[in-house]
Amino acid sequence: MGLPPIDLAVFHNAGFERRQCRITQLWFWTTDKNRDTCGDTPEDEYTFIGAPLIKGFDMRGKALKDAMREAFLNFFEDVQHTRIEPYPVLARWRDDIHLTIASIADFQPHVTSGQVEPPANPLTISQPCIRLTDVDAVGRSGRHLTTFEMMAHHVFNRPDDGKMYYWMEECVQYCHQLMTDTFSIPVDEISYVENPWCGGGNAGAAVEVIVGGLELATLVFMNLEEHPEGDIELKGDFYREMPLQIIDTGYGLERFCWAAAGTPTIYEAIYPESVSWLKDLSGFSTVTSKWPELDLDTLLGEMSRLNGIMNIEPGVDADELQTTFLRRLAERGIEVTVEQFSSITEPLAKIYAIPDHLHALTNMLGDGLVPSNAKAGYLARMLARRTLRMRDDLGLAISLPELAKHHIDVNLGGQSMKQTHDGLLEVLRLEEERYGEMIRKGGNVIVTQLKDLPKETEIIPDEILFQLNDSHGLAPDMVVTLAKNAGWNNVLIRTGFAAEMAERHARMAKQAAQSVESNTLIESPQHLPATIPLYYEDVQQRDFDASVLATLPLLGDDIPDGATHGIILDKTCFYPEGGGQEGDYGSLFTDSKRVKVLDTQKVGNLVVHLTDGSFETGALVHGNLDWARRKQLMDHHTAVHIVGGAARRVLGPHIYQAGANKSVESGRLDITHFRRLDRDDLDAIESLANEVLGKVQRTEKIELNRKDADKKYGFDLYQGGAPKGNSIRILRIADHDIQACGGTHHDEPGQIGSIRLVRSAAVQDGVERLHIVAGKAALDYARRQDEILRTTSKLYGVPQHELPKTSERFYNEWKEQRKTIEQLEAEIVRLRTSGGGSDTTVIDGVRIAIMEVSGDLKKMTKMLKELTLDKSNPTLAVLGSREGGGKLMIAVTEDTVANERYNAVELLRTIAPHINGGGGGRPTLAQGGGSNADGLDDALAAARSNVGL
RNA sequence: GGGCGUUUAGCUCAGUUGGAAGAGUGCUUGGUUUGCAACCAAGAUGUCGUGGGUUCAAAUCCCACAACGUCCA
């Protein structure tokens with residue numbers, strides 16, 4: 001069974017009829033007797049271009065958005081909805097997505113699963129969203145955006161508990177009233193299309209609101225969940241009703257603005273100042289003035305109308321699309337040539353896309369994101385680089401920070417940000433610097449990669465393009481530009497290459513997804529009650545009594561040496577590994593038996609003690625913690641929080657925890673920052689952290705439900721990752737650091753003693769790893785360092801403070817002496833071979849030098865140079881050394897009678913067997929070695945006889 | 001989280017099948033000229049990222065680590 005028709009009184013009262021779309025086959029409601037399409041089909045054009053369908057909103061840009069948003073929110077406030085402030089665009093309360101992609105994302109997963117109460121019910125919100133999936137189409141079509149605001153009214157009904165606020169009838173009623181009253185949209189222009197929605201395991205009926213060919217809103221009635229025995233079938237899957245029934249609506253703010261402005265594209269409606277500014281900067285009028293007969297507004301208007309019905313999606317072949325476009329424009333009486341079309345649309349697409357990209361970028365950075373080469377930070381870098389490329393293509397002489405500053409002034413005036421404006425502009429300045437560096441290097445890389453290709457080459461091999469893109473960040477069209485600059489004038493990108501590259505990336509992503517697997521520690525235990533944690537109530541407690549609920553065999557190969565059993569108790573003060581803090585060690589015992597706890601882990605809501613022995617179920621055991629270990633772990637854990645707070649204070653509001661680990665030896669904290677830290681930064685953070693130890697008397701541990709926690713402290717709470725349940729445990733170190741954290745912490749920070757920042761390392765671009773030692777570990781560390789200095793200082797026989805100077809002197813002297821030795825060795829060879837010494841003979845104008853020397857192949861090479869590089873003295877030299885089983889080296893002077901007469905390789909082959917060796921080389925230089933140094937005399941003798949001595 | 005690339009003189013980078021460590025630029029000295037990023041000659045500068053391995057022989061092949069870069073999710 002599918003879903004029943006959506007048959008509402010509101011439709012009938014307003015004179016709507018239910019029809020089936022001739023093209024999509026979907027059912028829709030309309031008052032227009034002549035309409036036989038649902039409105040969102042390839043045959044439905046935008047009717048609002050040049051003829052706005054929303055009346056009473058004559059402003060443009062930010063003012064228009066503000067007015068539209070207010071009108072929407074006010075309308076719903078008037079009908080008993082609570083207005084909720086928008087969430088950040090970085091979805092930090094979630095670990096499955098980086099960016100807020102819809103207003104409902106604010107409430108996923110905990111509110112939508114029913115675990116957590118919504119902040120208000122029903123509620124209304126206008127949520128800034130970022131979606132990068134269509135980034136390629138932005139600017140090229142008249143309507144795609146990466147950043148948009150989703151206006152919404154949400155309801156969370158629980159009919160089983162008698163909490164039913166409203167459902168379809170009222171929802172559509174509100175929507176219809178908003179459309180017709182607040183926005184004065186003619187009823188004839190509205191279609192309500194029935195199109196069930198499903199995704200992520202949920203589904204429900206849905207109504208799309210189409211106005212003038214544009215989908216303005218979607219109303220989703222999510223009341224179904226996927227279930228194999230469900231009796232409702234949608235698109236091949238089975239669903240059943242769920243207790244929580246959610247209305248999820250989405251009204252595209254920018255689309256409302258467009259319908260109110262009736263501009264040729266959506267960009268002119270929402271970013272008019274930016275568009276005209278960029279047109280001026282790029283000299284766009286000089287392009288259009290070439291063809292005064294073209295009416296640009298009409299052309300763009302017609303294009304937008306066509307855009308609505310011709311899908312410009314990533315991967316669509318550009319040439320083919322252009323041909324179709326020109327044909328359809330001609331059908332409408334607009335004659336443009338290919339040249340006119342591309343000279344107008346190419347720069348224009350960039351002029352449109354830049355403000356959109358800047359909007360997304362400034363919002364992301366404003367939320368404190370740091371650009372990076374991985375994770376969410378990469379998304380920001382990608383946008384920054386796309387913007388820079390478009391800027392360069394347009395030939396704009398303006399920096400990225402200047403572009404952003406203009407955008408902020410014009411389009412984001414007054415919006416509060418977490419990151420400071422100066423910080424944001426600094427981040428962009430650094431991004432631009434990196435981009436410039438990449439282009440500069442790219443020029444070199446391209447010349448190297450293409451150097452084997454003839455200059456008249458047209459097609460660059462796919463493999464080279466893939467590699468340049470993936471490894472060097474040079475997109476194919478950049479490669480073409482740079483290659484042309486370097487002299488390959490005919491290169492172009494072959495048709496279909498972009499699609500193939502996308503396919504290749506998709507394949508790689510698929511492979512990567514397959515390689516993820518998880519292993520389990522124990523067999524899922526049968527309905528045991530959650531272990532009661534004693535480690536929160538009293539972090540100092542190290543002894544306890546408990547009864548054994550189960551002893552299970554351990555599975556998998558990720559278990560400590562000697563561990564054989566997993567013991568589950570009714571309560572414990574052993575902390576299980578979590579939040580980056582390692583598990584506790586210790587022992588469990590009865591009067592007659594003692595087992596070691598080698599690690600503690602959490603499985604579901606059970607604490608599993610990994611032990612080297614077992615107990616009977618029901619046994620009463622006494623537990624004893626390895627307190628030194630726990631104390632050290634707590635030192636490091638609390639220290640990590642303090643250092644995080646100190647880093648934020650010192651470096652700026654964008655400092656966010658990207659990961660952490662606390663072991664006995666040290667603590668590790670990964671923080672987001674846009675440049676490498678130097679020792680001065682570390683010192684500043686370290687000093688502040690130690691100050692906090694002295695100043696803050698007590699840490700505060702608070703337990704709140706999620707709704708209140710979010711409200712009171714915001715999403716920076718979730719730096720350690722998004723917690724699962726409704727109850728949030730919060731650690732507060734005065735105003736220094738406030739975080740949700742399930743670890744064990746000191747009540748008094750002073751107990752840590754001292755904190756040292758040992759060093760920092762780069763985990764990835766934009767993420768710095770701080771290595772921290774605290775408490776006893778700090779002391780141990782200092783002692784180890786001291787020991788190293790003492791040993792070294794004893795070795796050199798100088799006081800510790802002289803060590804750097806002495807090392808430098810020793811190193812320089814070593815270098816000098818090495819050079820001197822080389823020169824002396826060469827001198828010895830010269831002396832032995834000059835003046836007719838016994839080691840040399842002359843045969844028919846070729847000097848023959850056969851002798852034993854000392855040294856390895858490298859030294860012998862130097863000697864050979866002395867003997868054979870002088871072309872005025874043709875020489876055959878055979879050197880032998882007893883080092884390492886015997887070495888032989890033979891050279892003849894190149895381009896002389898010597899190499900005409902003698903072949904070094906052949907000679908080597910005949911004499912090498914005497915030292916049980918082999919070798920090879922070129923006819924003028926051969927080298928070899930063996931395992932019988934005693935045979936060296938024979939080898940040299942063989943060489944002599946070979947040349948006739 | 002996954003993939004790929006790079007690391008050689010102060011700088012920018014070559015280095016082919018494993019067999020003598022290279023170019024340009026900069027530097028020093030001398031000459032020539034002082035208006036060009038001037039010209040000529042000679043010279044100095046190297047832990048070929050670090051540590052292992054294979055080999056008679058490693059900048060080159062293999063492994064680990066590190067730093068840097070880059071693409072994708």
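As the structure is a prediction and not an experimental result, all values here were calculated from the model. Just so you know, these numbers use all the heavy atoms, side chains as well, and skip hydrogens, waters and symmetry mates. Naming: A, B, ... by sequence-line order, numbering from 1 per chain.
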*Is any NZ, NE, NH1 or NH2 atom of the basic residue among Arg504(A) and Glu500(A) found under 4.0 Å from an Asp or Glu carboxylate oxygen of the other?*
no
*Please determine if Glu577(A) and Lys662(A) form a salt bridge, counting it only when a charged side-chain N lies under 4.0 Å from a carboxylate O.*
no
Between side-chain atoms of residues 912-929 of chain A and protein atoms elsewhere (two or more places apart, or another chain), which donor-acceptor pairs fall under 3.5 Å?
none

Which residues pass the side-chain contact (heavy atoms from CB on, under 4.5 Å) test with [X], not counting sequence neighbours?
{"X": "Arg131(A)", "value": "Ile101(A), Ala102(A), Thr133(A), Phe148(A), Met150(A)"}
{"X": "Met501(A)", "value": "Phe466(A), Asn469(A), Pro476(A), Phe497(A), His505(A)"}
{"X": "Ala658(A)", "value": "Asp670(A), Thr672(A), Val767(A)"}

Euclidean distance, atom [atom1] of residue [X] to atom [atom2] of [N] [Å, nearest integer]:
{"X": "Tyr435(A)", "N": "C71(B)", "atom1": "OH", "atom2": "P", "value": "11 Å"}
{"X": "Arg909(A)", "N": "G19(B)", "atom1": "CZ", "atom2": "P", "value": "15 Å"}
{"X": "Asp470(A)", "N": "A73(B)", "atom1": "CG", "atom2": "C1'", "value": "13 Å"}
{"X": "Asn373(A)", "N": "C4(B)", "atom1": "CG", "atom2": "P", "value": "16 Å"}
{"X": "Leu677(A)", "N": "A67(B)", "atom1": "CG", "atom2": "C1'", "value": "15 Å"}
{"X": "Arg507(A)", "N": "C4(B)", "atom1": "CZ", "atom2": "C1'", "value": "15 Å"}
{"X": "Leu465(A)", "N": "C71(B)", "atom1": "CG", "atom2": "C1'", "value": "14 Å"}
{"X": "Arg769(A)", "N": "A67(B)", "atom1": "CZ", "atom2": "C1'", "value": "14 Å"}

Between [options], which nucleotide has the shortest distance from any of its atoms to the side chain of [X]?
{"X": "Met438(A)", "options": "G19(B), C4(B), U70(B)", "answer": "U70(B)"}
{"X": "Gln467(A)", "options": "G1(B), G5(B), G19(B)", "answer": "G5(B)"}
{"X": "His472(A)", "options": "A57(B), G5(B), U70(B)", "answer": "G5(B)"}
{"X": "Lys887(A)", "options": "G19(B), A57(B), U70(B)", "answer": "A57(B)"}
{"X": "Lys375(A)", "options": "C56(B), A67(B), G1(B)", "answer": "G1(B)"}
{"X": "Thr448(A)", "options": "G69(B), C68(B), C13(B)", "answer": "C13(B)"}
{"X": "Ser471(A)", "options": "G69(B), G19(B), A57(B)", "answer": "G69(B)"}

*Consecutive-pair stems (3 or more, Watson-Crick or G-U, under 3.5 Å) for RNA chain B*: B:1-7 with B:66-72, B:10-13 with B:22-25, B:27-31 with B:39-43, B:49-53 with B:61-65
Under 3.5 Å between N/O atoms: give me all the protein pairs with nucleotides 44-49 of chain B, atom names plus distance.
{"from": "U45(B)", "atom 1": "OP1", "to": "Lys819(A)", "atom 2": "NZ", "distance (Å)": "3.2"}

Could you note down all residue pairs passing salt bridge (Lys or Arg N to Asp or Glu O under 4.0 Å) where [range] supplies at least one of them, sequence neighbours left out?
{"range": "residues 898-914 of chain A", "answer": "none"}
{"range": "residues 379-389 of chain A", "answer": "Asp136(A)-Arg386(A), Arg381(A)-Glu431(A), Arg381(A)-Asp765(A), Arg389(A)-Asp477(A)"}
{"range": "residues 872-881 of chain A", "answer": "none"}

*Can you name the residues that form a salt bridge (Lys or Arg N to Asp or Glu O under 4.0 Å) with Asp937(A), not counting sequence neighbours?*
Arg882(A)
*Non-neighbouring partners of Asp393(A) that pass salt bridge (Lys or Arg N to Asp or Glu O under 4.0 Å), sequence neighbours left out*: Lys350(A)
Check the interface with nucleotides 10-12 of chain B: list each N/O to N/O pair with the protein under 3.5 Å, or write none.
none

_Measuring only between side-chain heavy atoms, which start at C-beta, is Met364(A) closer than 4.5 Å to Leu383(A)?_
yes
*Would you say the side chain of His673(A) lies within less than 4.5 Å of the side chain of His654(A), judging by non-hydrogen atoms?*
yes
_Whether Arg381(A) contacts U70(B) is assessed here as follows: a side-chain N or O lying under 4.0 Å from the phosphate OP1 or OP2. Is that the case?_
yes
_Counting only side-chain nitrogens and oxygens, does Arg676(A) get under 4.0 Å of the OP1 or OP2 atom of A67(B)?_
no
*Starting at the 5' end of RNA chain B and moving along, which residue's nearest nucleotide shows up first, Ala926(A) or Gly886(A)?*
Ala926(A)
